[in-house]
Peer 1: 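This is the structure I have questions about; it appears just below.
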Amino acid sequence: MAQRIALITGAGKRIGAATASLLMENGWFVFIHVRNSIAEAGQLCSDFEHKNGSKAPAEIIQADLNNDADIDALLHAVSQHEMVVKNGGLHALIHNASIYSSEGYESVSLETLRLNNRVHLEVPFLLTQGLLPQLKSAKGCVIGMVDTSLGRAWKGLSHYTASKAGLRQLMLNLAGELAPDVRVNCVAPGAIIAAEWESEHFASVVEKIPLGRAGEPLDVARAIQFLLESNYISGQTINVDGGWSVSP
Ligand SMILES: NC(=O)c1ccc[n+]([C@@H]2O[C@H](COP(=O)([O-])OP(=O)(O)OC[C@H]3O[C@@H](n4cnc5c(N)ncnc54)[C@H](OP(=O)(O)O)[C@@H]3O)[C@@H](O)[C@H]2O)c1
C-alpha cells in the first residue's frame, strides 16, 4: 500500500510539531516546513528516532512564506520529491503557519494587515493551487488552521481575525470547487498555547472555557488526523476549544 504523504506548514514547534509527530507515529511521511525553527524540527525527528528506533519518516524544508522565490522552491521540492512521485501524490496539505499579534485598529498598519493576509490567505491559496495535481492524484485532503474568532468582535485583532476569516471562506469555497477529487476542511483551535504577548491574560481566557482548562497541542493534532482519515467529510470546521465558542 502507498505511504501517505503530508505537508504541514510552520511545523517546527507548537501545534504544527505535535501534528507532525502524530502523523509520523501513524505511518505518514511528513514534509515539516519551517522558516526559523530548523533546530526544533531536527529535534522532533531525533525524538522520533529515539522512541521508535528507526529514521523519522520526514523531510525538513525551509521557506519564508513571505518570499515568492521560497514559495516556488517549496512547491518544486514537494511536487518533485520521490516520495510524492512514488506514492501517487500528496495526501494532506495542512495550512498551519501563522502570525499572531495584537494592535488596536486605530494604529495597526497596512503592512501588518498585508502580512497577515499573505501568511493566512495568499499562501494557502498559492500552495493549494501549486500542489493541486499532486492532491488530486492522491485524492488528498486540505486543512486550513483557523480559530474560534469568527462571528465575534475582538479588540486589537482586526488584522488577524479578518485574514483568518478569509482563510475559512477560501477553504469552504474549495471544498465545493475541488470536489470530488480533494476534500477541504478547517480546524479551529481555541486557547491552546499562549503567544508570548498574551501569556499574562491567558489565565483569564481559560476561566471562560466550559471544560475549565486550556487545550493541548495533541488535542488539535487528533482533530486534524480525524479529518484526514474521514473520507466522507468535506467543507466542515471542527472547533477544538473546550466548548469556548458555544459558551455565553
Ligand atoms: N496556539 C493557539 O492557542 C491557537 C489558537 C487558535 C488558533 N491557532 C491556530 O493554530 C495554528 C497553529 O498555532 P501555533 O500557535 O502553534 O502557531 P504559531 O506558533 O503562531 O505559528 C506556527 C509557525 O508559523 C511559522 N511562520 C510564521 N510566519 C512565517 C513565514 N513568513 N514563513 C514561514 N513560516 C512562518 C513559524 O515558523 P518558524 O518558527 O519556523 O519561523 C511558526 O513556528 C495557527 O494557524 C494558529 O492560527 C492556534
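Remember, it's 1-based here, ligands and their atoms both numbered in the order they're listed.
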Peer 1: For Asp64, take its heavy atoms, then give the atoms of ligand 1 lying under 4.0 Å from any of them.
Peer 2: 30 (C), 31 (N), 32 (N)
Peer 1: What closest approach, in Å, do Leu150 and Ala165 show between heavy atoms, and which atom pair accounts for it?
Peer 2: CD1-CB, 3.8 Å
Peer 1: Provide, to 0.1 Å, the distance between atom 22 (C) of ligand 1 and the closest protein heavy atom, together with that atom's residue and name.
Peer 2: Gly10 O, 3.7 Å
Peer 1: What residue and heavy atom of the protein are closest to atom 18 (P) of ligand 1, and at what distance?
Peer 2: Arg14 NE, 4.0 Å
Peer 1: Restricting to non-hydrogen atoms, name the atom on Ile209 and the atom on Ala191 that form the minimum distance, rounded to 0.1 Å.
Peer 2: CD1-CB, 3.8 Å
Peer 1: Hey, any chance Leu227 and Leu218 share a hydrophobic cluster, counting ILVMFWY side chains that come within less than 4.5 Å of each other, even indirectly?
Peer 2: no
Peer 1: If you have a sec, work out which protein heavy atom is nearest atom 9 (C) of ligand 1 and how many Å separate them, to one decimal?
Peer 2: Val146 O, 3.7 Å
Peer 1: At what distance is the nearest protein heavy atom to atom 39 (O) of ligand 1, and which residue and atom is it?
Peer 2: Ser37 OG, 2.5 Å
Peer 1: So if I count the atoms of ligand 1 from 1 in the order they appear, which ones are less than 4.0 Å from some heavy atom of Ala63?
Peer 2: 32 (N), 33 (C)
Peer 1: Go through Leu65 and Leu74 one step at a time and tell me if the side-chain contact (heavy atoms from CB on, under 4.5 Å) criterion holds.
Peer 2: CA-CA 9 Å; Leu65 298 176; Leu74 173 63; 4.0 Å; yes
Peer 1: For atom 27 (C) of ligand 1, grab the closest protein heavy atom and report residue, atom and distance to one decimal in Å.
Peer 2: Ser98 O, 3.2 Å
Peer 1: Of the backbone atoms (N, CA, C, O) and the side-chain heavy atoms from C-beta on, which set of Phe202 has a member under 4.0 Å from an atom of ligand 1: side chain, backbone, both, or neither?
Peer 2: neither
Peer 1: List for me each residue that meets side chain to side chain donor-acceptor pair (under 3.5 Å) alongside Ser234, sequence neighbours excluded, and say none if there are none.
Peer 2: none
Peer 1: If you measure from atom 34 (N) of ligand 1 to every heavy atom of Lys13, His120, His33, which option wins on shortest distance?
Peer 2: His33
Peer 1: What atoms in ligand 1 come closer than 4.0 Å to a heavy atom of Ile99?
Peer 2: 27 (C), 28 (N)
Peer 1: Considering heavy atoms of the protein only, find what lies nearest to atom 8 (N) of ligand 1 and give residue, atom and distance to 0.1 Å.
Peer 2: Pro189 CG, 3.7 Å
Peer 1: Evaluate Val119 for polar contact with ligand 1, using N/O atom pairs at a separation under 3.5 Å.
Peer 2: no
Peer 1: How close do Met83 and Ile5 get, heavy atom to heavy atom, and via which atoms?
Peer 2: O-CD1, 3.8 Å
Peer 1: Please report whether ligand 1 has a polar contact with Ile15, defined as an N or O pair separated by less than 3.5 Å (distance criterion only).
Peer 2: yes
Peer 1: So, 4.0 Å and heavy atoms of Ala11: is ligand 1 close enough to count as a contact?
Peer 2: no
Peer 1: What is the closest protein heavy atom to atom 37 (O) of ligand 1, and at what distance does it sit?
Peer 2: Arg35 N, 4.1 Å
Peer 1: Just going by heavy-atom distances, which of Ile71, Asp147, Val187, Leu65 is nearest to atom 32 (N) of ligand 1?
Peer 2: Leu65
Peer 1: May I ask you to decide if Leu22's main-chain N or O and Trp28's side chain share a donor-acceptor pair within less than 3.5 Å?
Peer 2: no
Peer 1: Taking 4.0 Å as the limit for heavy-atom contacts, which would you say applies to Ala194 with ligand 1: side chain only, backbone only, both, or neither?
Peer 2: neither
Peer 1: Looking at Asn36, which atoms of ligand 1 are within less than 4.0 Å of one of its heavy atoms?
Peer 2: 38 (P), 40 (O), 41 (O)
Peer 1: How far is atom 44 (C) of ligand 1 from its nearest protein heavy atom, and which residue and atom name does that atom have?
Peer 2: Asn96 O, 3.2 Å
Peer 1: Is it the case that atom CZ in Phe125 sees more than 12 heavy atoms from other parts of the structure closer than 6.0 Å?
Peer 2: no
Peer 1: Under 30°, 30 to 60°, or over 60°: which ring-plane class applies to Tyr100 and Trp197, parallel, tilted or perpendicular?
Peer 2: tilted
Peer 1: Which of the numbered atoms in ligand 1 are under 4.0 angstrom from any heavy atom belonging to Val34?
Peer 2: 40 (O)
Peer 1: With a cut-off of 3.5 Å and sequence neighbours excluded, list every side-chain donor-acceptor pair involving residues 133-149.
Peer 2:
from   : atom 1 : to     : atom 2 : distance (Å)
Ser137 : OG     : Gly88  : O      : 2.9
Ser137 : OG     : Pro133 : O      : 3.4
Ser137 : OG     : Gln134 : O      : 3.3
Lys139 : NZ     : Asp181 : OD1    : 3.3
Asp147 : OD1    : Ser149 : N      : 3.0
Asp147 : OD1    : Ser149 : OG     : 2.6
Asp147 : OD2    : Tyr160 : OH     : 3.1

Peer 1: I'd like to know if Gly190 contacts ligand 1, where contact means a heavy-atom distance under 4.0 Å to any ligand atom.
Peer 2: yes
Peer 1: Hey, is Lys164 one of the residues with a heavy atom under 4.0 angstrom from ligand 1?
Peer 2: yes
